[in-house]
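Count residues from 1 along the sequence.
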Amino acid sequence: MPTRKYSGRLELTWTNKGLRLLANRNEGYEWVPPHDYRVSEVRLLRDAALVGRTCATDSRSSDNLLIRGDALNALVSLSELPEFASEYVGRVRLAYIDPPFNTGQAFEDYDDNLEHSVWLTMIRDRLLQIRRLLSEDGSVWLHLDDVQMHRARCVLDEVFGASNFVANVIWQKTHTRENRTDISISHDNVIVYAVDKTRWKKARNLLPPSEEQRSRYSNPDDDPRGDWASLPVHAKAEKGRRKEQFFTITLPSGRTVDPPPGRCWLFTKPRYDEMVADDRIWFGEDGDSMPRLKKFWSEVQQGLVPISIWPHGEVGKTGTAKGEILALFPHLTPFSTPKPEALIERILHIASDPGDVVLDCFLGSGTTAAVAHKMERRWIGVEWLEDTVRDFAMPRLRRVVEGNDPGGVSDQTGWRGGGGFRVVDVAPSMFEELEGVVYLSDWAVNGALAEATAAQLGFAYLPEHPFVGRKGRSRLAVVDGHVSGAVADLLAGALGSRETLMICATSVDPAVREHVHAAAPGSVVRKIPASILAEYRVNYRERRRLELARSKEPEEVPA
């Protein structure tokens, strides 16, 4: 018979899955086609403040980063802006994300009532960008409740591959019973996917034994190898067990025993005799008990494989997290959905090492960044809501740097302060829409920066949108933003017959130069001269200083 061919794949579908979402700060999300300039735009990351010890401006990508803006815009900028891409693409070890759960509830700090299709597109697009940033031994930990968990698993399968699913960790977020509902829900889910599960398994860290686990070990027979605990020496007699694992054992007391019904010994008779000779089998103090295997504490100290159920007694609960926030900000209502530092500490311990980069693009009150800082990880935190950054994340992280945050895991990690971080803003869009047509915004291609650049390069300053200058048949475009192929196409398309183009931009995609030359022979792309940009940025910082003074944000604007 001929070989039957199949097509298609298992996937979750939803309304407008083929479209993209454009985030509007005051109006939620807007569906747009994938080719819309605004969703392919790479936005600049502009310095806004420094806290503690940071790097020089030309090495700012090496700093811990608190990014204010939409998560997707920030992730794209980290992946595409050359200064950040070289530092982060393929080099982020761990991404922990705690997005809005889409539970249908109205939280004080954000609107959590997104329609399913909007939520799924939102989380998919961000996971795709996170996947680009993660290292080959990296992982993503997605924190959700049960409402979207099953749908999110399908999206994660599409982005990371079903074979790279690691576990669904159950966190016991409360130990009290809610008697006003049908079933009292006491847990959240943390879904774990690896970029490459095989590599991740080799690289992930084991958990140190707890004091409760340590208490199970003793040394009743004064074994010189130290304390031990005993384990059964029989196992389920499944298919594949050898017949040599079924035999009769004579105890020191003289009594004979066989494996319990349906079970077999762990060892063959020769191997069992070796274990007895090595004093690794325990028969009880009277020598008449069923044999048990001695497992020494010295063998366990190396670490334990994490399990998938994390009780509140080990990693804290929601109440613990709110208490940590109240201790820091007693005058504020606690953030609606904080996570305890002990929970984040365990995740970071398992999935990263000191010096690794940890990412949280739904930063909220700043728990992930605070714990990463205390554990000597580098971190990137992204938060869209300005009030949340101002009231929670910013002052919390400042206190961590200053050593004035004694709660959470500070004692456990021995944290006493140090380091620092850089606050950067996602720049506004270079595009605007008018009657369904997308244009380059006037602010991005005109103004003081354009006039200064035209003067230095010898162009007559003639603002004719989207151009700002002319020198013979050459038109000048000055872009306060990142020039990608899409931006270059817009500019080249506005040229007249036989005209050439010079694009000067704050940031340039290296591939654009050849792209522009092919579209308009003789055209060039250059970064704006550093002397002009430095002066312009001083003016920008002064404008920002005035804005902060008006809003009374507790920030330090760089000199």
Are the side chains of [Y] and [X] in contact, using a 4.5 Å heavy-atom criterion?
X: Ile503; Y: Arg526; value: no
X: Ile123; Y: Leu142; value: yes
X: Leu462; Y: Val468; value: no
X: Val382; Y: Leu363; value: no
X: Thr318; Y: Trp171; value: yes
X: Val487; Y: Met430; value: yes
X: Ile380; Y: Leu78; value: yes
X: Leu75; Y: Leu359; value: yes

Heavy-atom closest contact ([X] atom, [Y] atom, distance):
X: Ile191; Y: Ala152; value: CD1-CB, 4.5 Å
X: Ser507; Y: His482; value: OG-ND1, 2.7 Å
X: Ser365; Y: Thr388; value: N-CG2, 4.3 Å
X: Val512; Y: Ser484; value: CG2-C, 3.5 Å
X: Asp391; Y: Pro395; value: O-CG, 3.4 Å
X: Val358; Y: Ala372; value: CB-CB, 4.4 Å

Has [X] got a side-chain atom pairing as donor or acceptor with [Y]'s backbone, closer than 3.5 angstrom?
X: His517; Y: Val524; result: no
X: Ser523; Y: Leu501; result: yes
X: Glu383; Y: Phe362; result: no
X: Arg91; Y: Ser86; result: yes
X: Arg377; Y: Met375; result: yes
X: Thr453; Y: Leu449; result: yes
X: His116; Y: Thr15; result: no
X: Glu499; Y: Ser474; result: no
X: Thr54; Y: Leu50; result: no
X: Ser40; Y: Tyr37; result: yes

How many angstroms lie between [atom1] in [X] and [atom2] in [Y], if you round to the nearest 0.5 Å?
X: Arg153; Y: Leu144; atom1: CZ; atom2: CG; value: 11.5 Å
X: Thr320; Y: Leu343; atom1: OG1; atom2: CG; value: 10.0 Å
X: Arg422; Y: Arg60; atom1: CZ; atom2: CZ; value: 6.5 Å
X: Ser79; Y: Tyr88; atom1: OG; atom2: OH; value: 12.0 Å
X: Asp157; Y: Ser163; atom1: CG; atom2: OG; value: 9.0 Å
X: Gln129; Y: Ser77; atom1: CD; atom2: OG; value: 9.5 Å

The test is side chain to side chain contact (heavy atoms under 4.5 Å, CB included); show your working for Leu127 and Leu156 and say whether it passes. CA-CA 8 Å; Leu127 287 171; Leu156 284 159; 3.7 Å; yes

If a pair satisfies ring pair (Phe, Tyr, Trp, His ring centres under 6.0 Å) and one of its residues is in residues 148-167, list it, with sequence neighbours excluded.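 Sorted result for residues 148-167: Phe165-Tyr193.
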
Pairing of [X] and [Y] as salt bridge, 4.0 angstrom limit:
X: Lys201; Y: Asp137; result: no
X: Arg68; Y: Asp425; result: yes
X: Glu80; Y: Arg43; result: no
X: Glu83; Y: Lys527; result: no

In terms of side-chain heavy atoms, does [X] have a donor or acceptor partner in [Y] at a distance below 3.5 Å?
X: Ser429; Y: Glu41; value: yes
X: Asp480; Y: Thr506; value: yes
X: Arg93; Y: Ser135; value: no
X: Ser139; Y: Trp141; value: yes
X: His143; Y: Asn189; value: no
X: Asp145; Y: His187; value: no

Could you go through the salt bridge (charged side-chain N to carboxylate O under 4.0 Å, His left out) check for Glu433 and Arg38 one step at a time? CA-CA 9 Å; Glu433 180 186 5; Arg38 293 167 294 174; 3.2 Å; yes

Would Phe84 and Val89 count as a side chain to side chain contact (heavy atoms under 4.5 Å, CB included) here? Give the steps. CA-CA 8 Å; Phe84 292 97; Val89 172; over 6 Å; no

How would you list all residue pairs meeting salt bridge (Lys or Arg N to Asp or Glu O under 4.0 Å) that involve residues 509-519, not counting sequence neighbours?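 Passing the test, one end in residues 509-519: no pairs.
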
Can you list every pair that meets salt bridge (Lys or Arg N to Asp or Glu O under 4.0 Å) and has a residue in residues 120-129, with sequence neighbours left out?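 Passing the test, one end in residues 120-129: Arg20-Asp125, Asp70-Arg126.
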
Go through Asn16 and Ser117 one step at a time and tell me if the side chain to side chain contact (heavy atoms under 4.5 Å, CB included) criterion holds. CA-CA 7 Å; Asn16 289 341; Ser117 295; 5.7 Å; no

Step-by-step side chain to side chain contact (heavy atoms under 4.5 Å, CB included) determination, Val424 to Arg46: CA-CA 5 Å; Val424 296; Arg46 291 175 169 168; over 6 Å; no

Testing Thr367, Asp98, Asp188 one by one against Lys339 for a side chain to side chain donor-acceptor pair (under 3.5 Å), which residue passes?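 Among Thr367, Asp98, Asp188, the one that satisfies the side chain to side chain donor-acceptor pair (under 3.5 Å) with Lys339 is Asp98.
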
Under the 6.0 Å and 45° cation-pi test, does Lys17 pair with Trp14?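 Ring-cation test returns yes.
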
Does the ring center of Phe421 lie less than 6.0 Å from the ring center of Trp379?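 Yes - the distance between ring centres of Phe421 and Trp379 falls below the 6.0 Å cut-off.
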
